[in-house]
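The first residue in the sequence is number 1, and the count goes up from there. Whatever order the structure lists them in is the order used to number ligands and atoms, beginning at 1. Keep in mind it's a predicted model, so treat the numbers as computed, not measured.
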Amino acid sequence: MKAARLYGSQDLRIEKVQEPTVSSGQVKVKVEWGGICGSDLHAYSHGQSPEPHPISKQSPPITLGHEFSGTIVEVSDDVKSHKVGERVAIEPLIYCGECYACKRGYYNQCSMVGFVGLNQDGGFAEYVVVDQNMVHELPENVSFEEGALVEPTAVSFYAVRESDLKPGDSVAIFGAGPIGLLTLLSVKAAGATKIIVVDISEERLEKAKELGATTVISGLREDIVQQILELTNGGVSIAYECAGVQPTMTNAVASVKQGGQVMAIAVFGNPVAIDMGQLLYKGANVTSRLAYRHVFPEVIDMISTGRLDVKGVITKKINLEDIVENGFEALINDKKQAKILVRPTK
Ligand SMILES: [Zn+2]
Ligand SMILES: [Zn+2]
């Protein structure tokens, strides 16, 4: 079968590899659609650690792709909870099940946490084998395209659920990439009224407007915070940090009102400074969430019942053969792109 395997920095190859086979407790999934994520781009741009992952034992080259949907085509004899023909979305977290966090059910905080598609062969391939507890059934009215969006939606949905947001609150979202846009949809579904989105790309702000932002502000302006304070009569209840850099963190802290909250969702490449004096004066707090836990069924229900219409973040659909040029390079060079979906073809 064909698979897109990352050998190192900017070295992603479409190769013929052996079809994977199921072991005890596993299912084999024929992949329908897979989304390209910011963390895939990071791995592509910078390469990956040569060390084998402590749980998967796999080291590069690894087949990328952790946001994907498909159909179960084979199950191991001991798998009773899933069957052949089931349409599924994959929850790609790899965790030990033994550590302090895992024992408490906080598996996204596992000391050895990894991802199928970054630390073990993933969904940019015709077939994938995963543990049975990683697959979640999709109802008939959720398409495979939407199924591929369950994973990134879960990141935003989980952070919004874990934030202090109440219906009627005003929010600011810093960063209008896929996670920022899915956060926008999640806060809208949760009852936020004023939704202000900040990004340096006009095209992304256009997209944010289309998806329901009530105000968009160019990240290139000098007076971002001032504008937000004016629009909200003194600050937003919650600022969602979906960019992961110093200027957006600084603005997020400055944009929340008394008793407000900054929820950091982005992965930060470098440490950032926070104005503790501002937080103290406002009695505000900064918190963060990594990935998700125990929310895939809820996200699938939100999509199935029409409360989260996630299709709007898809900007392009391509074949696996074209993944480097029309997928990874397009995302790096074309800010119009949000979520690009990839289909493995025979
Ligand atoms: Zn991702
Ligand atoms: Zn663990």
Side-chain angles (χ1 to χ4, degrees), residues 4 6 12 31 33-46 48 53-57 62-70 89-125 128 130-131 133-134 136 145-160 175-183 185-186 240-244 264-269 288-296 299 310 313-316 323 327-328 331-332 337-342:
L6 186 67
L12 180 63
V31 179
W33 287 104
I36 305 175
C37 170
S39 48
D40 295 321
L41 288 181
H42 189 269
Y44 174 74
S45 299
H46 302 280
Q48 290 181 292
H53 186 269
I55 299 170
S56 75
K57 313 284 184 223
I62 288 172
T63 301
L64 293 181
H66 60 269
E67 307 177 352
F68 60 101
S69 62
I90 283 74
E91 179 173 4
L93 287 192
I94 304 168
Y95 51 93
C96 76
E98 305 285 323
C99 70
Y100 176 88
C102 281
K103 285 233 164 92
R104 282 154 186 79
Y106 309 160
Y107 57 90
N108 59 325
Q109 240 70 64
C110 174
S111 54
M112 293 189 273
V113 72
F115 284 82
V116 170
L118 287 169
N119 311 104
Q120 175 182 322
D121 286 337
F124 296 147
V128 185
V130 293
D131 291 345
N133 62 1
M134 292 180 178
H136 297 270
E145 286 92 333
E146 291 170 311
L149 290 167
V150 171
E151 198 272 353
T153 305
V155 175
S156 295
F157 178 79
Y158 178 61
V160 170
I179 291 299
L181 295 173
L182 290 165
T183 300
L185 296 176
S186 296
Y240 296 92
E241 212 292 346
C242 306
I265 313 175
V267 175
F268 285 75
S288 61
R289 290 295 183 277
L290 170 72
Y292 38 73
R293 61 175 178 245
H294 310 298
V295 295
F296 265 55
V299 171
V310 294
V313 304
I314 302 169
T315 47
K316 202 174 181 185
I323 194 169
F328 282 72
L331 282 168
I332 290 167
Q337 297 303 332
K339 188 56 75 184
I340 297 179
L341 294 189
V342 183

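- Rounding to 10°, one obtains 110° for the angle at the Zn ion (ligand 1) between NE2 (H66) and SG (C37).
- Considering only heavy atoms from C-beta on, I323 comes within 4.5 Å of L12 through its side chain.
- Note on the Zn ion (ligand 2): protein N, O or S atoms under 2.8 Å away count 4, no waters included.
- In this structure A176 satisfies the side chain to side chain contact (heavy atoms under 4.5 Å, CB included) test together with L181, V197, D199, R204, sequence neighbours excluded.
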Show me, pair by pair, the donor-acceptor contacts under 3.5 angstrom made by side chains of residues 38-46, not counting sequence neighbours?
from, atom 1, to, atom 2, distance (Å)
D40, OD2, C37, N, 2.9
Y44, OH, E329, OE2, 2.7
S45, OG, L41, O, 3.0

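- Proximity of the aromatic rings of H294 and Y158 is defined here by a centroid distance below 6.0 angstrom, and this criterion is not met.
- Checked against side chain to side chain donor-acceptor pair (under 3.5 Å), T183 has the following partners two or more places apart in sequence or in another chain: S156.
- For E67, the N, O or S atom closest to the Zn ion (ligand 1) goes by the atom name OE2.
- Remark: side-chain polar atoms of H53 are not paired, donor with acceptor, to backbone N or O of I94 under 3.5 angstrom.
- Under the 3.5 Å distance criterion, with hydrogens and angles disregarded, a donor-acceptor pair is assigned to the side chains of E151 and Y292.
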